[in-house]
Structure formats: structure tokens, C-alpha cells
Engineer: 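Mind looking over this structure? Questions follow.
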Amino acid sequence: QVQLVESGGGLVQAGGSLRLSCAASGRTANRESRAWFRQPPGKDREFVAVVSWSGGSTYYADSVKGRFTISRDNAKNTVYLQMNSLKPEDTAVYYCAARVGYGLGSTVPDFGSWGQGTQVTVFS
């Protein structure tokens with residue numbers, strides 16, 4: 001079982017930037033996709049971004065496209081989410097998730113391993 005730990009969350013003013021990290025224990029598996037989801041207060045968990053094992057394929061939710069960038073460093077078993085031009089509506093607990101298999105995945109049931117989340121709060 002892959003253990004995932006998120007870090008990098010915090011309090012930031014609207015228009016600012018944060019970079020989240022998701023570190024995994026052990027070696028990154030072949031065909032492992034890694035994703036970010038978020039859960040705003042009082043709302044359901046929603047998809048944010050996903051990256052393939054090679055880093056060559058990515059998909060983003062429309063709400064973050066052009067502002068967020070997902071990337072990975074397999075030598076460090078770590079995936080990143082660079083968040084720029086942050087808005088108050090980005091406030092949420094951000095979760096890292098992983099799956100092994102073909103395809104990237106974009107829904108909660110697609111992913112079998114989850115971190116505990118990191119809080120991101122954006123104020124205006």
C-alpha cells in the first residue's frame with residue numbers, strides 16, 4: 001500500500017501563490033497516476049488535476065486551468081501542485097491520491113490511495 005503525505009498548505013492573500021507537495025513512501029510504481037482533489041467547506045470532494053507516471057499527460061478542472069500546474073519528480077517519489085493567482089473560492093482541504101493502471105483517472109472511486117489532506121485558505 002502506498003502511503004501519501006501532503007504538505008505546503010497555508011494562509012495566502014488572493015492573487016498569491018502556493019506549492020503543495022505529495023510525498024509517497026517506497027518506489028513509485030509503473031503506470032501510477034497521481035491526482036489532486038479538494039474539498040471546500042460544506043461541499044463534496046472535487047477533482048483538481050492529474051498527472052501520468054511519466055509526467056507527459058495532464059488534465060485539469062476548468063476552474064483551475066491556466067492557474068495551477070501539476071508535475072512530478074519520480075526520483076523523489078513526489079508530486080507537486082503549483083497554485084498561482086489564487087482566489088477565495090480555492091479555499092479547501094487539498095488531498096493527494098494515487099492509482100496504478102491504465103488511464104489517468106478523474107473521480108474519487110478511480111483512486112485507491114489517499115493522503116490526509118492539507119488546508120489551503122485564501123483571503124481577500
Side-chain angles (χ1 to χ4, degrees):
Q1 182 180 349
V2 177
Q3 302 296 126
L4 304 174
V5 179
E6 303 95 335
S7 63
L11 182 67
V12 63
Q13 190 170 16
S17 298
L18 284 174
R19 188 176 79 156
L20 306 183
S21 298
C22 172
S25 63
R27 297 207 313 127
T28 303
N30 191 32
R31 302 189 306 277
E32 186 228 52
S33 298
R34 199 87 63 86
W36 289 96
F37 290 76
R38 67 186 183 186
Q39 188 163 14
K43 298 183 179 180
D44 293 334
R45 195 168 300 185
E46 65 184 27
F47 170 76
V48 175
V50 62
V51 62
S52 65
W53 177 80
S54 68
S57 297
T58 59
Y59 289 98
Y60 297 89
D62 289 342
S63 59
V64 306
K65 185 176 176 60
R67 300 187 298 122
F68 292 9
T69 302
I70 188 170
S71 62
R72 69 190 303 160
D73 184 344
N74 288 345
K76 297 181 178 180
N77 292 335
T78 300
V79 168
Y80 305 96
L81 185 68
Q82 178 67 47
M83 305 186 294
N84 298 326
S85 302
L86 284 162
K87 306 173 181 179
E89 64 197 79
D90 295 319
T91 294
V93 177
Y94 282 72
Y95 296 91
C96 182
R99 71 182 298 270
V100 177
Y102 294 103
L104 293 177
S106 62
T107 68
V108 169
D110 290 331
F111 294 85
S113 298
W114 293 83
Q116 296 190 61
T118 185
Q119 176 71 47
V120 172
T121 302
V122 184
F123 66 93
S124 60

Engineer: Heavy atoms only: give me the nearest R72-V51 pair and the separation to one decimal.
Structural biologist: NH1-O, 3.6 Å
Engineer: Taking the side chain as C-beta and beyond, is there a heavy-atom pair between V108 and F47 under 4.5 Å?
Structural biologist: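 V108 vs F47: side chains apart.
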Engineer: Measure across L4 and A24 and return the closest heavy-atom pair with its distance rounded to 0.1 Å.
Structural biologist: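 Looking at all heavy atoms of both residues, the closest pair is CD2-CB, 3.6 Å.
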Engineer: Decide yes or no for T121 and Q119: does some side-chain heavy atom of the first lie under 4.5 Å from some side-chain heavy atom of the second?
Structural biologist: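 A side-chain contact under 4.5 Å exists here.
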Engineer: Going by the side-chain contact (heavy atoms from CB on, under 4.5 Å) test, name the single residue among Q82, M83, R67 that passes it with S17.
Structural biologist: Q82
Engineer: Restricting to non-hydrogen atoms, name the atom on C96 and the atom on E6 that form the minimum distance, rounded to 0.1 Å.
Structural biologist: N-OE2, 2.7 Å
Engineer: Taking the side chain as every heavy atom from C-beta outward, state whether T91 and P40 have any atom pair closer than 4.5 Å.
Structural biologist: no
Engineer: Work out which heavy atom in V64 is nearest to a heavy atom in V48; give both atom names and the distance.
Structural biologist: CG2-O, 3.6 Å
Engineer: What ring-ring contact (aromatic ring centres under 6.0 Å, His included) pairs are there with at least one residue in residues 96-124, not counting sequence neighbours?
Structural biologist: F37-F111, F37-W114
Engineer: Looking only at non-hydrogen atoms, find the nearest pair between Y60 and I70 and report the distance.
Structural biologist: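 For Y60 and I70, the tightest heavy-atom pair comes out as OH-N, 2.9 Å.
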Engineer: Can you run down the disulfide (SG to SG under 2.5 Å) pairs that involve residues 43-79, sequence neighbours left out, and say none if there aren't any?
Structural biologist: none
Engineer: According to salt bridge (charged side-chain N to carboxylate O under 4.0 Å, His left out), does anything in residues 35-56 pair up with another residue at least two apart or in another chain? List the pairs.
Structural biologist: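 Listed once each, the pairs are R38-E46, R38-D90.
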